[in-house]
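In listed order, ligands and their atoms are each counted from 1. Note that these values count all heavy atoms, side chains included, but never hydrogens, waters or copies made by symmetry. Throughout, residue positions are numbered sequentially from 1 according to the sequence presented.
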Amino acid sequence: MSVFVEALQGRNRGRPPIWLMRQAGRYLPKYRELRQKWSFLQLCRQPDLIAEVTMLPIRTFGMDAAIVFSDILLILEALGVGLQFQDATGPLIERPLEKAADVHALPRIQARESLSFVSEGIKLLKQTLSVPLIGFAGAPFTLASYIIEGKTSRSFEKTKRWMYADPASFHQLLDLLTDQVIGMLEMQIEAGVDALQLFDSWAGTLAYPQFCSFSLAYLQKIIQRIKGRVPLILFCKGASSLTTELTSIGPNGISFDWNVSLPALRTVIPSQIAIQGNLDPQLLHAPLNVIRAEAQRLMQGMRGDPRFIFNLGHGILPDTPVEAVRVLVETVQQGESQ
Ligand code: CP3
């Protein structure tokens, strides 16, 4: 039995499992080599390359879980709004939505059908992978922000203007995205993933009432549909003050960013919910002894917690030294120093 699955089931008695968000990515020299030959989207579309990139960090560092190499924005591409990834600026939607009529004009299709390469990649992985595999999707609010802004935003001006001025059509958009997300998650379960993570990266930018109606309500709907099939971990960056709300919708685990104390959060989070996180990704630029000390501090704080999963508080940064990742994984897998 894997230590990651045991932690999700609340049965882990030893050192915590560790995996890192964005563990398969640009900080790996072998990934950068593959990117000389293929664009990011080309990598995402080929099952054998999905499997190869997913396995790179497992082969290099031996994390306790793998995450499918893919992207939350592929759903938007399937909806026909045009998706590009540019090296300097990140994702770009060619035809962002601007008004209610644009929502109604979206094709009535199931994204999972045009994204079957994700399912093929998962099936290949399940034949060879020695650790559990995590599937994922973006949450409806975060996806809506990309399809409206057209790119990663700082202020979410267009998204919020639309949300406040025309909540009805904003809800229609969220409903439509929720259906697509559920379809993608079900496809990944059917293909064999062992757990799921739902990324609501930008929900933390919402005001409280809007967080409840435009993010939380949809997360709840998704969780209800997936419940009892595979464990689901929720990641809502910047929403650690909304712990009561997040626990109320019944995820199996919650992933936290680095500005909260996990031991303190454990006193309010019910014991049947796993806690994942939460080192600052920038810590991986620190001297190796500092990385070891901070990893030890976090492990000591969560000592004896059968549902703790070691991770960063957000994705690993592209310029992270490989040696830092090696030392972090080793430190956690050796367990607490006495
Ligand atoms: O974690 C993993 O290793 C699995 C694969 C994965 C990727 N993106 C690969 C990727 C996952 C789980 C994601 C999630 C994702 N994608 C999120 C939610 C998590 C978060 O970071 O908040 C979001 C918001 C996206 C959208 C996205 N994709 C952005 C904003 C960018 C560009 C900026 C950046 O951080 O790289 C991407 C590109 C992307 N997604 C890359 C990878 C490996 C880099 C592509 C490249 O240039 O090679």
Please list the nearest protein heavy atom to [atom] with its residue and the distance rounded to 0.1 Å.
atom: atom 20 (C) of ligand 1; value: His314 NE2, 3.1 Å
atom: atom 33 (C) of ligand 1; value: Arg26 NH2, 4.3 Å
atom: atom 32 (C) of ligand 1; value: Pro91 CD, 3.6 Å
atom: atom 24 (C) of ligand 1; value: Tyr146 OH, 3.5 Å
atom: atom 23 (C) of ligand 1; value: Ile72 CD1, 3.4 Å
atom: atom 48 (O) of ligand 1; value: Tyr31 OH, 2.5 Å
atom: atom 13 (C) of ligand 1; value: Arg22 NE, 3.4 Å
atom: atom 11 (C) of ligand 1; value: Phe136 CZ, 3.6 Å

Worksheet item: Under the criterion side chain to side chain donor-acceptor pair (under 3.5 Å), which of Arg292, Arg297, Gln296 is the partner of Glu294?
Response: Arg297

Worksheet item: Would you call Lys221 and Asp175 a salt bridge, using N to O less than 4.0 angstrom?
Response: yes

Atoms of ligand 1 close to [X] [distance to a heavy atom under 4.0 angstrom, numbered from 1]:
X: Phe69; value: 43 (C)
X: Thr152; value: 30 (C)
X: Ser201; value: 18 (C), 19 (C), 20 (C), 22 (O), 24 (C)
X: Val68; value: 4 (C), 5 (C)
X: Phe199; value: 12 (C), 18 (C), 19 (C)

Worksheet entry | CD/Glu157: more than 12 non-hydrogen atoms of other groups inside 6.0 Å | no

Fill in: Residues, nucleotides or ligands: over 12 heavy atoms within 6.0 Å of Arg95 CZ
yes

Worksheet item: Below 3.5 angstrom, do we get any N/O pair linking Arg35 and ligand 1?
Response: yes

Examine the proximity of ligand 1 to [X] and report which part, side chain or backbone, both or neither, has a heavy atom under 4.0 Å away.
X: Gln197; answer: neither
X: Leu73; answer: side chain
X: Lys237; answer: neither

Discussion item. Rounded to the nearest 0.5 Å, what separates atom CG in Leu173 from atom CE in Met163?
Written reply: 12.5 Å

Discussion item. Holding to side chain to side chain contact (heavy atoms under 4.5 Å, CB included), I want the full list of residues that pass it with Glu6, two or more places apart in sequence or in another chain.
Written reply: Met1, Arg11, Asn12

Item to complete: May I ask you to check whether Tyr164 and Phe214 place their ring centers less than 6.0 Å from one another?
Response: no

Between the candidates [options], which shows the shortest non-hydrogen contact distance to [atom]?
atom: atom 26 (C) of ligand 1; options: Leu317, Asp71, Val53; result: Asp71
atom: atom 38 (C) of ligand 1; options: Tyr27, Trp19, Phe85; result: Phe85
atom: atom 7 (C) of ligand 1; options: Ala137, Ala24, Ala139, Ser70; result: Ser70

Worksheet item: Can you check salt bridge (charged side-chain N to carboxylate O under 4.0 Å, His left out) on Asp194 and Lys126, steps first, answer last?
Response: CA-CA 10 Å; Asp194 301 278; Lys126 288 305 291 178; 2.8 Å; yes

Discussion item. If you apply the rule ring pair (Phe, Tyr, Trp, His ring centres under 6.0 Å), what do you find for Tyr218 with Phe141, and how did you get there?
Written reply: CA-CA 8 Å; Tyr218 294 92; Phe141 177 76; 9.8 Å; no

Practice prompt. Check the pair Phe40, Phe69 against ring pair (Phe, Tyr, Trp, His ring centres under 6.0 Å), reporting the backbone distance first and the verdict last.
Written response: CA-CA 10 Å; Phe40 173 59; Phe69 178 76; 5.6 Å; yes

Practice prompt. Heavy atoms only: give me the nearest Ile273-Ile269 pair and the separation to one decimal.
Written response: CB-CG2, 3.9 Å

Item to complete: Test side-chain hydrogen bond (donor to acceptor under 3.5 Å, both in side chains) on Ser169 and Trp162 and set out the steps.
Response: CA-CA 9 Å; Ser169 69; Trp162 185 336; 2.8 Å; yes

